[in-house]
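Beneath this line is the structure, given in structure tokens, with notes to follow.
Owing to the predicted nature of the structure, the values given are computational and were not obtained by experimental measurement.
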Amino acid sequence: MDESAREHVRRGPSRRTFLGASGSLLGLPLDRGSTSFHSSVEELLAGTTPEEETAESQLPSFPEDPFIFPSMGEPYISFSSDWDSGSIQDEIRTVLGLHPDVYATHNFYRFVDGEVMTDSGLPAQQEFASQAGLPITVPWNTTIEIENGTDQLEPLFDSREWEFPNGDPLTDPRDIVAETYSGDLHRMDFGAVPSAFSPSSPDLLYIGSEKKLSKGVAGIFVDGPITKAFNGIDFSVWAVDAFRDRLATMSAERLSQLGIREPSSFDIGSYLESNQLTPSSGNDPREDPVFREYLLHHHLGIKEYMSTYREMLHETYPDRMENGDIAVFSNQFLGSLTNPQAPNIYLTDHVDMIYSEHLPLVQPPNDYKYKIERALGRFSKPAISKGYIGTDKTDEAFEFDELYPMFQRFRTAEAYAHGVRHRLPLASQTPDEALSQWVKSDGTIPDQLKSFIDFLWGHERFLTDTDPDNPVAVVWSLPDRLFRRLPQWDIEEPASGIDSFLGTVKRFRETQSPYDVLAFGHPRLWDDAEQLERLSEYEALVLPQIEAITDAQLSAIRAYLDDGGVVISSGEPPTRTGMWRDRGSHAVFEHPNVTILDGNPARRRERDGRSDGTLVGSLADNGIRPYTTRDDPNLTITRSTKRDAPVTIVHLLNHEYDRSTDSFDAKVDVGVRLPAPDHDVQVARYHSPQGTSDVDVREE
């Protein structure tokens with residue numbers, strides 16, 4: 001490729017111009033800005049092996065905005081004691097043919113006799129990435145295996161001078177585990193949850209991460225930091241002592257408001273018992289200000305845990321961290337929206353990209369999960385979706401010894417259409433138990449998948465540096481997430497809340513009514529100033545049974561209404577403050593531009609699967625029309641704009657999938673109507689893996 005062509009690829013399309021058919025780009029080499037990388041790739045593709053180098057010197061840094069993100073499990077590479085690094089040229093050739101930016105492993109490292117060790121396959125995968133010239137990521141799970149794993153950590157504890165808050169030496173890994181109010185350990189299926197307040201918890205995460213980063217690893221996936229919220233509030237000695245320290249930093253006025261005279265000796269357990277607020281009391285503790293402060297303390301501790309971990313990495317690798325050469329990311333469990341977790345939102349301050357785990361199916365669509373990801377990343381951080389479908393999560397329509405390439409292709413298309421990257425699951429560690437296999441038995445990838453990745457890569461200019469451009473915003477609220485789930489007190493997320501959100505976004509999607517998700521934050525956990533500034537970009541704001549709202553959010557809504565915006569509330573508008581105090585009714589929701597939908601029709605839509613038309617009708621009453629004349633639950637339309645060019649991009653997704661044949665029923669004669677963009681429309685083209693064609697445009 002000559003330099004002029006290379007420069008064109010760097011800059012992207014010229015202003016007011018769509019490039020033509022993607023074929024002109026699909027043959028171009030991937031420009032990584034490194035001539036040594038290109039030469040090594042050429043040697044590999046020619047069947048020769050480059051000179052041996054250490055993984056640290058050869059593995060590149062993490063990319064700023066990873067576009068194609070493949071991952072492989074053990075079946076794709078032979079992991080034996082006599083593994084020959086010169087025998088993987090076919091595998092490397094296959095992977096490089098997908099134009100990858102990052103190579104993600106699923107091989108966890110762990111402690112054995114106090115030392116950081118790796119799963120048997122990880123060294124081979126590191127060598128694989130080294131030869132391919134790809135940055136590599138590794139995962140680490142934050143839980144501790146109680147039954148037979150703590151003996152592997154004890155030598156590490158013996159070698160450190162870790163102490164209890166009272167100064168006694170810390171020797172047993174069980175002693176750093178979070179505890180319930182009754183003293184039981186916080187446990188998950190795969191281990192116990194260390195207390196976020198124990199100094200040794202971020203130390204353990206750092207020790208393992210530093211070992212891997214020193215070997216050239218470019219990304220650390222922290223698996224499970226939000227598990228610290230799954231089983232409820234931490235009442236371990238670490239959390240209770242840290243709460244006293246937090247009280248000591250409060251003003252005399254604030255302590256007086258809480259009724260606390262001696263913060264250094266305050267005992268939260270005794271307080272809850274004397275005020276009949278324990279889990280067995282049958283009372284709702286959220287009405288008590290001291291309990292609310294302790295609940296917030298729990299979440300602040302989780303956030304500080306991740307902050308401390310990042311600070312430790314920065315101290316060791318200041319240049320790599322400041323330059324973005326190292327990526328830290330963790331999981332947002334968006335696959336469980338019936339059990340939403342507050343850390344899903346506020347931990348995004350301490351990750352470099354948003355990494356969600358959910359179960360991508362063709363039906364039901366996942367559009368709202370991708371939209372949540374974009375909002376949690378402040379519409380600027382790269383977002384990656386990852387999910388597999390296990391035998392316990394699907395039905396007999398799928399045979400797990402088949403590949404289903406069109407199904408896999410759609411999962412990828414759905415993510416990219418919403419501005420998110422899909423982690424390409426080239427091979428599963430357990431192919432007979434998880435539907436996540438791309439690679440055929442001969443080591444090749446089905447053409448339906450290879451050609452689609454070629455299509456995505458060739459159209460990267462339309463899939464990066466874009467902003468969603470829709471007239472409606474639906475709110476996802478951190479204050480609600482904080483206070484509406486307390487499993488130790490048998491307080492579960494009210495069905496009216498999450499059902500209303502799901503009913504809203506599902507009805508908007510199936511009627512092709514355009515929307516985005518905005519995340520409302522909390523002043524002490526997650527700053528939402530950027531999200532509130534975006535309000536002015538929307539014609540309507542939808543509150544799906546939101547109960548809590550901060551003063552800043554209320555002021556932003558008031559200004560938005562006064563500027564001509566529309567607010568629609570499915571169910572009663574918020575009656576609580578950001579700290580769950582009773583706010584009562586507020587005059588802002590008596591504004592003439594506010595519509596309150598009686599009976600919460602969004603919740604009815606989610607629970608009954610039927611709609612009375614009032615939700616979408618309320619948009620139409622305010623001049624916001626669907627993107628098509630169809631009411632088609634198997635059609636999704638999204639719209640975005642380029643940040644640096646007057647280009648509007650519209651994605652159409654067809655969910656009409658037949659599992660028995662791994663095929664889609666075609667949709668024809670689909671008319672799309674859009675609000676006129678802010679720029680002149682000179683040409684409109686339809687791009688698909690089959691080619692590109694001009695389409696007719698009529699302005700009304």
How far does CG of L463 sit from CD of E460, to the nearest 0.5 angstrom?
-> 8.0 Å
Could you go step by step and tell me if Y346 and H299 meet the ring pair (Phe, Tyr, Trp, His ring centres under 6.0 Å) rule?
-> CA-CA 9 Å; Y346 61 71; H299 288 284; 5.6 Å; yes
Interatomic distance, CD1@I649 vs OG1@T638, rounded to 0.5 Å, equals 9.5 Å
Donor-acceptor pair, side chain of D528 and main chain of G521, under 3.5 angstrom = yes
Taking the six-membered ring of W438, is NZ or CZ of R409 closer than 6.0 Å to its centre and within 45° of its axis?
-> no
Could you pull out the closest heavy-atom pair between E414 and H418, with the gap in Å?
-> O-ND1, 2.8 Å
Hey, are R246 and E304 close enough for a salt bridge, meaning a charged N less than 4.0 Å from a carboxylate O?
-> yes
Minimum side-chain heavy-atom gap F69-D101 below 4.5 Å | no
Worked verdict on Y309 versus H350 for ring pair (Phe, Tyr, Trp, His ring centres under 6.0 Å) | CA-CA 9 Å; Y309 165 64; H350 300 299; over 10 Å; no
Side-chain H-bond candidate by donor/acceptor type, S356 with Q332, under 3.5 Å = no
Let me see the working for K381 and D65 under salt bridge (Lys or Arg N to Asp or Glu O under 4.0 Å), right down to the final yes or no.
-> CA-CA 8 Å; K381 289 186 178 181; D65 187 11; over 6 Å; no
Is the shortest heavy-atom distance from the side chain of D454 to the side chain of K450 under 4.5 Å?
-> yes
Just say parallel, tilted or perpendicular for the rings of Y370 and H358, cut-offs at 30° and 60°.
-> perpendicular
State, yes or no, whether a side-chain contact exists between Y355 and S385 at a heavy-atom distance under 4.5 Å.
-> no
Distance, nearest 0.5 Å, that separates CG of L170 from CD of E163 | 9.0 Å
Please check if any side-chain donor atom of H314 sits under 3.5 Å from a side-chain acceptor atom of E322, or the reverse.
-> yes
Check for a donor-acceptor pair, side chain of S201 on one end and backbone N or O of S195 on the other, with a separation under 3.5 Å.
-> yes
With side chains defined as the heavy atoms from C-beta onward, is the minimum distance between R481 and F520 less than 4.5 Å?
-> no
Please round to the nearest 0.5 Å and tell me the distance separating atom OH of Y206 and atom OG of S200.
-> 15.5 Å
Salt-bridge criterion met for R310 and D352 (N-O under 4.0 Å) = yes
Side-chain heavy-atom pair F62, M353 within 4.5 angstrom cut-off = yes
Scanning both residues in full, the closest heavy-atom pair of P225 with S330 reads CG-CB, 3.6 Å
Using a cut-off of 6.0 Å, state whether more than 12 heavy atoms not belonging to E64 lie near its atom CD.
-> no
Does some side-chain heavy atom of I136 sit less than 4.5 Å from a side-chain heavy atom of F128?
-> no
Quick one: does T105's side chain have a donor or acceptor within less than 3.5 Å of a partner on T137's backbone?
-> yes
Verify side-chain contact (heavy atoms from CB on, under 4.5 Å) between N366 and L334, making sure each step is shown before the conclusion.
-> CA-CA 10 Å; N366 282 287; L334 297 182; over 6 Å; no
Are K371 and D367 close enough for a salt bridge, meaning some N to O gap below 4.0 Å?
-> no
Do the side chain of N141 and the main chain of T143 share a donor and acceptor less than 3.5 angstrom apart?
-> yes
Should F452 and F410 be marked as a ring pair (Phe, Tyr, Trp, His ring centres under 6.0 Å) after you check the CA-CA gap, both sets of side-chain angles, and the distance that decides it?
-> CA-CA 10 Å; F452 187 70; F410 180 88; 9.5 Å; no
Which is it for L482 and H522 under the side-chain contact (heavy atoms from CB on, under 4.5 Å) test, yes or no, and what are the steps along the way?
-> CA-CA 9 Å; L482 281 174; H522 190 281; 3.6 Å; yes
Please report the C-alpha distance between E210 and T316 in whole Å, then the side-chain angles of each, then the deciding distance to 0.1 Å, and finally whether the side chain to side chain donor-acceptor pair (under 3.5 Å) criterion is met.
-> CA-CA 8 Å; E210 193 280 328; T316 306; 5.9 Å; no
Please test L426 against L98 for side-chain contact (heavy atoms from CB on, under 4.5 Å), starting from the C-alpha separation and ending with a verdict.
-> CA-CA 11 Å; L426 300 189; L98 296 175; 3.8 Å; yes
Taking every non-hydrogen atom, the tightest pair across G219 and V217 = O-CG1, 3.3 Å
Between OG of S307 and CD1 of I302, what distance do you get to the nearest 0.5 Å?
-> 13.5 Å
Given the side-chain rings of W162 and F157, with only the six-membered ring counted for Trp, is the space between their centroids under 6.0 Å?
-> yes
So K303 and D349, salt bridge (Lys or Arg N to Asp or Glu O under 4.0 Å) or not? Walk me through it.
-> CA-CA 9 Å; K303 184 167 182 175; D349 280 342; 2.6 Å; yes
Identify whether NZ of Lys or CZ of Arg in R421 sits under 6.0 Å from the centre of the six-membered ring of F67 and within 45° of that ring's axis.
-> no
Mind listing the closest non-hydrogen atom pair of N331 and N344 along with its distance?
-> O-OD1, 4.4 Å
Evaluate the ring planes of F221 and F329, with Trp represented by its six-membered ring, and classify them as parallel (under 30°), tilted (30 to 60°) or perpendicular (over 60°).
-> parallel
Determine, step by step, whether T466 and R643 satisfy the side-chain contact (heavy atoms from CB on, under 4.5 Å) criterion, reporting the C-alpha distance in whole Å, the side-chain angles of both residues, the deciding distance to 0.1 Å, and the verdict.
-> CA-CA 5 Å; T466 63; R643 293 173 185 160; 5.9 Å; no
What's the verdict on side chain to side chain donor-acceptor pair (under 3.5 Å) for Q531 and R534, showing C-alpha distance, side-chain angles and the deciding distance?
-> CA-CA 5 Å; Q531 308 264 346; R534 293 180 67 96; 5.6 Å; no
Taking C-beta and beyond as the side chain, do M312 and D203 meet within less than 4.5 Å on heavy atoms?
-> yes
Contact summary for P405 and L449, nearest pair of heavy atoms | O-CD2, 3.3 Å
Where the side chain of H298 meets the backbone of D234, is there a donor-acceptor pair that is under 3.5 Å apart?
-> yes
Which atom pair, heavy atoms only, marks the closest approach of T348 to I354?
-> CG2-CD1, 3.6 Å
Straight-line distance of T641 OG1 to D467 CG, nearest 0.5 Å = 5.5 Å
Donor-acceptor under 3.5 Å (S198 side chain, P194 main chain) = no
Does the side chain of Y103 reach to within under 4.5 Å of the side chain of P135, using non-hydrogen atoms?
-> no
